[in-house]
Number of protein chains: 2
Amino acid sequence: MAKYRDLILEIIKASSGHMTAEAIYLEAKKLQPSIAVGTVYRNLRLMTEAGEIKRVVMANSPDIFDISTHPHAHLICQKCHTIADFSISNLEEHLQKLTGLEILGYDLNVRYICNICKKKGIG
Amino acid sequence: MAKYRDLILEIIKASSGHMTAEAIYLEAKKLQPSIAVGTVYRNLRLMTEAGEIKRVVMANSPDIFDISTHPHAHLICQKCHTIADFSISNLEEHLQKLTGLEILGYDLNVRYICNICKKKGIG
DNA sequence: CTAAATGCAAACTATTTGCAACGAT
DNA sequence: ATCGTTGCAAATAGTTTGCATTTAG
């Protein structure tokens, strides 16, 4: 059982660490041609709920699954939608102090234009 | 022209400042029964692109439209999905310094359980 | 034998879009 | 007359789900 869990984990790891469900499905299909989209989504959902991976929700593009589950922020290029991780030390504690609330976690997406897209210019 | 823009703005203002497209549509329908969902979505999109309102994308619930467009974070209750604003001074500048990049903006959603849901207990 | 996992297709949610009709200048 | 705006319905994107079947222990 959990036949495809490890496969999916390996695929995400082998990438930059951030992949859409569709990209994972296409990769998985190369190795296991009989795999169905539903299976990929189902496993991604279960793995997310189990805390093995993290789902990143962004504007204007499908959800991304992130191999690293520790708290960190995402730099998101507004043109190519590529994601880069970066961590801000003690942000969770800082938020906790600021709000006086019991924080469960945070999602921080920082918008910018990556260097590659910048060089390509406007358009 | 722009017949419904002001109506939509007023509806969001009259609320807590955060509403789903559907909730806006239902309110608008009370005042203008002939209004169509498509029109609401179209105007919300145009208003968002014009920077008059802000679209907040969250996990596990439809997008929310926010009357305040200045940079601020959202406290999101994981049970009732209610949103509260709170601002963190200089976060944008801070991110800029940390990354050394030209930041266009950020989306910060902080997960917690609001007091009302906490009192209701687990379930 | 059983229980979990899968493939398939249909269903679903949220949102967008094409188009003909409408409305204000 | 013109051009943006609307209502309607169909289309789309992304994801989830029901169910019969397969698979692994």
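Order of the sequence lines sets the chain letters (A, B, ...), proteins ahead of strands, with each chain counted from 1. The structure presented is a predicted model; accordingly, all values stated were derived computationally and were not measured.
Looking at heavy-atom distances under 4.0 Å, A:Thr20 makes no contact with the nucleic acid at all.
The distance from atom OH of B:Tyr25 to atom P of C:dT16 is 16 Å, rounded to the nearest whole Å. Distance CZ (A:Arg5) to P (D:dA24): 16 Å, rounded to an integer number of Å. Atom CG of B:Leu46 and atom P of C:dT16 are 10 Å apart (whole Å). Rounded to whole angstrom, the span from the CD atom of B:Gln32 across to the P atom of D:dT6 amounts to 10 Å. Nucleotide C:dA5 holds its P atom 12 Å from the CD1 atom of A:Ile8, rounded to whole Å.
Between A:Tyr4 and C:dA4, a side-chain N or O to OP1/OP2 separation shorter than 4.0 Å is absent.
Other residues, nucleotides and ligands contribute over 12 non-hydrogen atoms within 6.0 Å of the CD atom of B:Glu49. Summarising the local packing, CD of A:Gln32 is surrounded by more than 12 heavy atoms from other residues, nucleotides or ligands at distances under 6.0 Å. Annotation: B:Lys29, atom NZ; neighbour count of heavy atoms from other residues, nucleotides and ligands within 6.0 Å is above 12.
Remark: B:His72 engages B:His70, B:His74 in a ring-ring contact (aromatic ring centres under 6.0 Å, His included) (not counting sequence neighbours).
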With sugar-phosphate taken as primed atoms, P, OP1 and OP2 and all else as base, the protein-contact string of nucleotides 9-23 of chain D at under 4.0 Å (heavy atoms; B, S, -) is -----SBBBB-----
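A:Tyr25 approaches A:Val37 most closely through the heavy-atom pair CE1-N, 3.5 Å.
Under a 3.5 Å cut-off, the side chain of B:Ser87 and the backbone N or O of B:Ser89 do not form any donor-acceptor pair.
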